[in-house]
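In this chain, numbering begins with 1 at the start of the sequence shown. Note that the structure is predicted; figures quoted are calculated from it, not measured.
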Amino acid sequence: IEGLSKGWDMMYSGAGLLARMESVVTILDGGPDGPFRRGVYLPMVRRSVDYRNAVSDLAARHLALLTAAGDLNGDAIAAPTLMTARRDKTLASWQWKNKAQLLGALLHIGNRSNYEKLLGGMGWDASALEAMRRDYEARGILTEADYAYLQGVWDLFEETKPKLQAVFKAMYGRYFSEVTAAPVETRYGILKGGYVPAMADPDFVEDADARAQQREMESGLTPENMPTTGKGFTEQRTKAMRRLMMDARMVNIHIDAAMRFAYLESGIRPIARLMRRPSMKNALDRVIPKATPRIFNPWLVRVAQQRLVRRGKWAGLDAVASRLRRTATASALFINGGNAAQNIVGVLPLKAAGIKGVHIRSALWQMSTNGGAMRSRILKESKWMAQQQHNQMMEVLTAIRERIVPPSAIENIKKFGNDHGFVMSKITQAAMDYVAWQAGYEQAVSEGVDGVDAIERADSVVRRTQGSVAIEDSAAYQEQTPI
């Protein structure tokens, strides 16, 4: 009996790894509509779409600021007025790796709290840093465009505060304490100042608190990621002065963390509380044993973190494994006619999903006779489909990374392969996505469903028959390290 029990447990555990949330809620609701879909799954789909749109917008504006600032990847910049302790405790004059690192450091001068942490972590004197700025301004190293970049980033984070404050108030019953901006005098005028999160550099700060802060920023939704004076948004987390991250690329990570809190956290918490109720757990167990710990909780974590790849124990090995995987996949799919042909038979799952032939034929006819108009209309009506077909967020974030750290010639070749290695597969799969959506929409309308409900029914048909690239539609087995 014990062996049989373990066997059943293993079977349900394996099913939990393979389960996608939309399929799970369909089983629990007994059909394509019901309380689990409307109360658990669809709210997080909508929030995830809004989160990605918000990140895309802010990141695109950050990219515009970076572009206006000019070349950030020139030679190293000496800073003889700044003395810093090496790892062996000896002193040496500081040298910026490039303009990107310089601007990343100067993002911390927009308020007193960050400024003091920057100086304390590096062991610098305020007069020395100000002398450096005046010297750089006189020599044209720091330009008006550079200061416009700093104020632009501060303004981006300032614009996020009302949304963040509203969410925080709804969740905790109070507003978080905000850091006060401090004016910054330059030869080009006086800047208002502002805030960016002050994150310790884990490459130099080896205490557990710094490592925990890095993990929180990368994968968690915590108050410490927000514009606040410290712990719980009200008091300092630590008085220790540690070297801060001085990298303009960190702006993207801070934007992502803020938008995950703004759009996802307030939706995840009530669902998590609901799933922890004994009555709910017991009811779910009667249909899907251990559904809460094996399906719902891991799904909520994936949605909160918005990533499937976990960091392994060896970062170098992770990088090699990721590169090999991308190369192997691209090689297998590069102008692969067989894979493209397989996508064409994507109409077969539509029949299996209960879509009537008349609607499938209608969608195919529209795609073949006026596909451009059909695609434009669908992308306008469905925010989800727009993201399914065009991952704007990742494109902008990649452009920012390349702006700060330009790819080498070899990396450009690899990028060309990644961009074009799936060309035939992408074309045919996109066509089938549109056909599936249109057929699903027409069937929903024929059944008396209209408006947003019909659009979401059509989105669901694409997910169930053609697949989805969104994190909220992933299964637990897809979360893994690069190895």
Side-chain angles (χ1 to χ4, degrees), residues 42-68 100 104 107 149 152-168 171 194-197 199 214-228 245 247-269 299-311 379 382-405 459 468-474 479:
L42 284 180
M44 293 316 304
V45 171
R46 298 177 192 129
R47 286 174 175 270
S48 296
V49 169
D50 290 340
Y51 145 77
R52 286 188 285 268
N53 283 337
V55 172
S56 296
D57 175 63
L58 291 171
R61 293 166 64 187
H62 181 219
L63 176 60
L65 291 170
L66 284 169
T67 303
L107 283 170
Y149 168 77
V153 172
W154 293 329
D155 290 344
L156 282 182
F157 282 103
E158 186 67 25
E159 289 178 26
T160 67
K161 284 183 181 179
K163 173 71 174 177
L164 299 175
Q165 286 282 27
V167 172
F168 190 85
M171 292 173 58
Y195 174 87
V196 294
M199 180 178 173
Q214 166 108 5
R215 289 194 297 270
E216 290 167 357
M217 181 61 72
E218 291 182 346
S219 62
L221 296 172
T222 65
E224 284 74 14
N225 291 342
M226 307 298 294
T228 172
M245 292 288 289
D247 189 340
R249 286 173 296 181
M250 293 304 296
V251 172
N252 295 333
I253 294 179
H254 299 319
I255 287 174
D256 180 76
M259 292 302 97
R260 280 187 287 137
F261 184 91
Y263 288 94
L264 302 177
E265 181 76 349
S266 58
I268 288 171
R269 291 198 176 197
W299 177 71
L300 289 173
V301 170
R302 292 195 301 276
V303 173
Q305 296 179 355
Q306 285 293 306
R307 66 177 187 177
L308 288 176
V309 179
R310 300 191 308 269
R311 177 180 294 183
L379 295 179
S382 171
K383 293 193 294 184
W384 182 87
M385 269 292 283
Q387 289 187 356
Q388 171 84 347
Q389 300 303 318
H390 182 53
N391 194 341
Q392 182 181 4
M393 185 178 81
M394 290 308 301
E395 289 180 3
V396 173
L397 294 178
T398 299
I400 291 174
R401 184 173 63 251
E402 293 176 352
R403 182 75 188 173
I404 297 174
V405 183
D459 293 342
S468 167
V469 297
I471 297 294
E472 61 272 17
D473 295 316
S474 64
E479 184 181 10

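Nearest heavy atoms, Leu164 versus Ala262: CD2-CB, 3.6 Å. The minimum heavy-atom distance linking Asp473 with Ser468 is given by the pair OD2-OG, 2.7 Å. The two residues Asp459 and Ser382 have their closest heavy-atom pair at OD1-OG, 2.8 Å. Taking both residues in full, the closest heavy atoms of Ala248 and Tyr149 are given as CB-OH, 3.6 Å, listed atom of the first, atom of the second, then distance.
Here the OH-CG distance, from Tyr263 to Asn53, works out to 8.5 Å after rounding to the nearest 0.5 Å. Atoms OG and CD1, on Ser48 and Ile268 in that order, are 7.5 Å from each other to the nearest 0.5 Å. With rounding to the nearest 0.5 Å, the separation of OH in Tyr51 from CD in Glu265 is 13.0 Å. Taking CZ of Phe157 as the reference point, atom CD1 of Ile255 lies at 5.0 Å (rounded to 0.5 Å). Residue His254 holds its NE2 atom at 8.5 Å from CG of Leu107, rounded to the nearest 0.5 Å. For the atom pair Lys383 NZ and Arg46 CZ, the distance stands at 10.0 Å (nearest 0.5 Å).
Take Arg52 and apply the side chain to side chain donor-acceptor pair (under 3.5 Å) test, not counting sequence neighbours, and it matches Gln306, Gln387, Glu472.
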Open item on the list: Go through it in stages, so that I can follow the logic: the residues are Leu58 and Thr160, the test is side-chain contact (heavy atoms from CB on, under 4.5 Å), and I'd like the CA-CA distance, side-chain angles, deciding distance and then a yes or no.
Closed with: CA-CA 9 Å; Leu58 291 171; Thr160 67; 3.9 Å; yes
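The cationic atom of Lys163 (NZ for Lys, CZ for Arg) does not lie both less than 6.0 Å from the six-membered ring centre of Phe261 and within 45° of the ring axis.
Between Ser266 and Arg47 there is a side-chain heavy-atom pair separated by less than 4.5 Å. Inter-residue side-chain proximity for Leu264 and Met259 is flagged as unmet; no heavy-atom pair is nearer than 4.5 Å. Leu65 is listed as a side-chain neighbour of Leu156, based on a closest heavy-atom distance under 4.5 Å.
For Arg302 (side chain) and Ile471 (main-chain N/O), no donor-acceptor pair under 3.5 Å exists by modelled atom type.
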